[in-house]
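Here's the structure, in structure tokens; my notes come after.
A note on names: the letters A, B, ... follow the listed sequences, proteins ahead of strands, and every chain is numbered from 1.
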There are 2 protein chains.
Amino acid sequence: MISSKCNCDRCQHEVCARRVPIFSTLSIEELQKVVNLIYRRSYIKGELIVIEGSNLDSLIIINSGQVKAYRDTQDGKEQILYVFSEGDFFGEKNLIINQAATYNVEALEETNICAIRKEDFQKLLTEHPSIGLKIMEELCNRLDRLEKTIEGMGSKDVEARLGMVLLEFARKHGKESGEGILVELPLSREGIASYIGLTRETVSRKMTLLQNQGIIEMVGNKKVLIKNIKLLEQTVQ
Amino acid sequence: MISSKCNCDRCQHEVCARRVPIFSTLSIEELQKVVNLIYRRSYIKGELIVIEGSNLDSLIIINSGQVKAYRDTQDGKEQILYVFSEGDFFGEKNLIINQAATYNVEALEETNICAIRKEDFQKLLTEHPSIGLKIMEELCNRLDRLEKTIEGMGSKDVEARLGMVLLEFARKHGKESGEGILVELPLSREGIASYIGLTRETVSRKMTLLQNQGIIEMVGNKKVLIKNIKLLEQTVQ
DNA sequence: CGCCTCATTGAAGAGTATCAAAAACTGTGG
DNA sequence: CCACAGTTTTTGATACTCTTCAATGAGGCG
């Protein structure tokens, strides 16, 4: 059975559950149980998956596509907190500490999600403590990232912040090519700006700067070729 | 038995375990088991409890006192990430995702800690999944705080950031007094600056500004009287 | 009381935000 | 394949805020 070529609901579910790190410790039988709990949704680009302040009652796992999690600040801007893609999950906060969603989540492209309802998820958690451990791992990783972000924002080196984001995207969707790593940017300049707390103009300026230094090369508006990743890493650290 | 007046090791341990939110769901018997796993340490002001990069193999819970968790940035400054006090814990990241400490932890005053070794803690976790849930809760809360911090740092309102810190300290160690809330600051101006990513001079200036607006009143260097908390909250939001 | 540390204040400088305009890109339809 | 319109990005000039450097002032502890 080549599940990746089967498009029935069942198999898609299984694929989804398999792909997700938090279920990686489960046996095939356990996985099957999880699959039965999952329901699916699809969203087109720009569609809101979660609205800040609403009661989200499911854990949501990204099957394919990408989303941004953001907040609207009081001065009307949006602050992007996370860019999630395949295998990432969100909504855990609403399940665990029982609070309304603290940010909006919007599809950046066509996105398919798998979701598990709160009750099902909590049952799962008590039956399989290993899932809890995986969740904790991921939460810790997220804390790690946020801590680094804060450190970066504190030490006011703007170029370093931009470099960090480029490296993050490169890790996620970078493709090795002859002259370097080609990265498809999930966010526009404005999005990047909101992600690292700058204005789009400054992001523009800094990008051209990095380009003039020979570190990157912009390919259209949505791609970047990282020509010298070592130099970029130095800029960051 | 008035345990708070008993100073034997045993009781101190128990007090410690009871105080800690992550053990709050345990029965007395279970708590007793936890108590037996705990070992204690004391640190004087300025002493390092955890060194960045070292292998921390225990979960550490603060019994009394206060600590700061910080990183040394490449440009020689320190970036404070957390101020932990009674009942807070840290070190969980090293236990869960098996990595070296990502920050230093230093006692801000005389501090007593309780600690549980990795193996003991992990056994505890499998035996009492509810502890895992509590840890997840706390991790989510921390994520929440960091997300807010990032939002604050992004929307560049410096006074708001200062206000946030003052409110945080007020919540933790504020004492209602006739004219407002008296807060003992755990950090110096420099510490506050490093906590919110500014310089000590800017913190000074903004503090005098808040004082001139009648919102706060400085009492010596280490205390602040919040005279108008509503105004302060408005500044933040 | 004096010393040392920490906090405040001032003036100059650097960097980003802001506003405005030009240029480049994306996608659509002919 | 090209042209066009809308959007996004880049570039320029100015203003504002924070940082930096330097000096003064206040607080705490022996």
Side-chain angles (χ1 to χ4, degrees), chain A residues 44-46 68 73-80 108-110 152-163 165-166 184-213 216-225 235, chain B residues 44-46 68 73 75-80 108-110 152-163 165-166 183-213 216-225 235:
Chain A
I44 58 168
K45 179 177 172 176
K68 65 175 175 184
T73 61
Q74 57 269 37
D75 48 332
K77 290 177 196 164
E78 70 179 43
Q79 167 75 46
I80 297 181
L108 291 168
E109 55 190 52
E110 172 134 18
M153 289 178 112
S155 68
K156 43 120 201 55
D157 202 329
V158 171
E159 280 167 68
R161 281 195 253 171
L162 181 56
V165 182
L166 291 179
E184 188 132 352
L185 300 173
L187 298 174
S188 65
R189 296 288 181 281
E190 177 141 36
I192 294 174
S194 136
Y195 197 29
I196 55 181
L198 299 172
T199 59
R200 55 170 172 277
E201 292 96 329
T202 304
V203 171
S204 256
R205 285 185 245 267
K206 294 301 174 187
M207 292 268 281
T208 28
L209 219 122
L210 285 175
Q211 180 165 256
N212 292 341
Q213 292 169 342
I216 65 167
E217 189 177 312
M218 297 185 245
V219 184
N221 275 338
K222 301 200 169 161
K223 288 179 191 168
V224 163
L225 181 69
T235 315
Chain B
I44 59 168
K45 180 177 173 178
K68 65 175 175 184
T73 61
D75 48 332
K77 291 178 195 164
E78 70 178 42
Q79 168 74 46
I80 297 179
L108 290 168
E109 56 189 53
E110 171 134 17
M153 289 178 111
S155 67
K156 45 115 199 57
D157 202 327
V158 171
E159 279 166 70
R161 282 195 252 170
L162 181 56
V165 182
L166 291 179
V183 185
E184 187 132 353
L185 299 174
L187 299 174
S188 64
R189 297 288 182 278
E190 178 141 35
I192 295 174
S194 136
Y195 197 28
I196 54 180
L198 299 172
T199 60
R200 55 170 172 277
E201 292 97 328
T202 304
V203 171
S204 257
R205 284 185 245 267
K206 294 301 174 188
M207 292 267 282
T208 31
L209 219 122
L210 285 175
Q211 181 164 256
N212 292 341
Q213 292 170 343
I216 65 169
E217 189 176 313
M218 297 186 244
V219 184
N221 273 339
K222 301 200 170 162
K223 288 180 190 168
V224 163
L225 180 69
T235 314

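Note: CD (Glu159(B)) to C1' (dC16(D)) measures 14 Å, nearest angstrom. When rounded to the nearest whole Å, the span between CZ of Arg200(A) and P of dA22(C) equals 17 Å. Rounded to whole Å, atom P of dC25(C) lies 10 Å from atom CE of Met218(A). Rounded to an integer number of Å, the gap from CE of Met207(B) to P of dT9(C) is 11 Å. Atom CD in Glu190(A) sits roughly 8 Å away from atom P in dT9(D) (whole-Å rounding). Distance CG (Leu209(A)) to P (dG12(D)): 13 Å, rounded to an integer number of Å. Rounded to whole Å, the distance from CD1 on Ile196(A) to C1' on dA17(C) is 14 Å. With rounding to whole Å, Glu184(A) atom CD is found 11 Å from dT26(C) atom P.
Every salt bridge (charged side-chain N to carboxylate O under 4.0 Å, His left out) that Glu217(B) has, sequence neighbours left out, goes to Lys227(B). Every residue was checked against the side-chain hydrogen bond (donor to acceptor under 3.5 Å, both in side chains) condition with Ser204(B), not counting sequence neighbours, and none meets it. For Glu78(B), the side-chain contact (heavy atoms from CB on, under 4.5 Å) partners are Lys68(B), Tyr70(B), Asp72(B), Ile80(B), Ser194(B), not counting sequence neighbours. Under the rule for a side-chain contact (heavy atoms from CB on, under 4.5 Å), the partners of Glu190(B) that lie at least two apart in sequence or sit in another chain are Ser188(B), Arg200(B).
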task: For nucleotides 21-30 of chain D, just jot down a letter per nucleotide in 5' to 3' order: B, S or -, based on protein non-hydrogen atoms under 4.0 Å.
output: B-----S---

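A donor-acceptor pair is defined here as one N or O able to donate and one able to accept, closer than 3.5 Å; such a pair exists between the side chain of Gln211(A) and the backbone of Met218(A). With hydrogens and angles disregarded, a donor-acceptor distance shorter than 3.5 Å links the side chain of Arg189(B) to the backbone of Asn221(B).
Nearest heavy-atom pair, Ala160(A) versus Thr235(A), reported as atom, atom and distance to 0.1 Å: CB-O, 3.7 Å.
Here the straight-line distance linking atom NZ of Lys206(A) with atom CG of Leu166(A) works out to 13.5 Å at 0.5 Å rounding. Expressed to the nearest 0.5 Å, how far CG of Leu210(A) lies from CG of Leu162(A) amounts to 5.5 Å.
Helix-axis bend for the helix from dC1(C)-dG30(D) to dG30(C)-dC1(D): the local axis fitted to the five terminal pairs at one end deviates from that at the other end by 40°, rounded to 10°.
Within the structure, every side-chain polar atom (N or O) of Thr202(A) is placed at least 4.0 Å from both OP1 and OP2 of dT16(C). At the phosphate of dT11(D), OP1 or OP2 sits under 4.0 Å from a side-chain N or O atom of Thr208(A). Remark: Ser204(B) is not in phosphate contact with dA7(C), judged by side-chain N or O atoms under 4.0 Å from OP1 or OP2. Side-chain nitrogen and oxygen atoms of Arg189(B) include at least one within less than 4.0 Å of the OP1 or OP2 phosphate oxygen of dT8(C).
Using a 4.0 Å heavy-atom criterion, one finds that Lys206(B) contacts the sugar-phosphate atoms exclusively.
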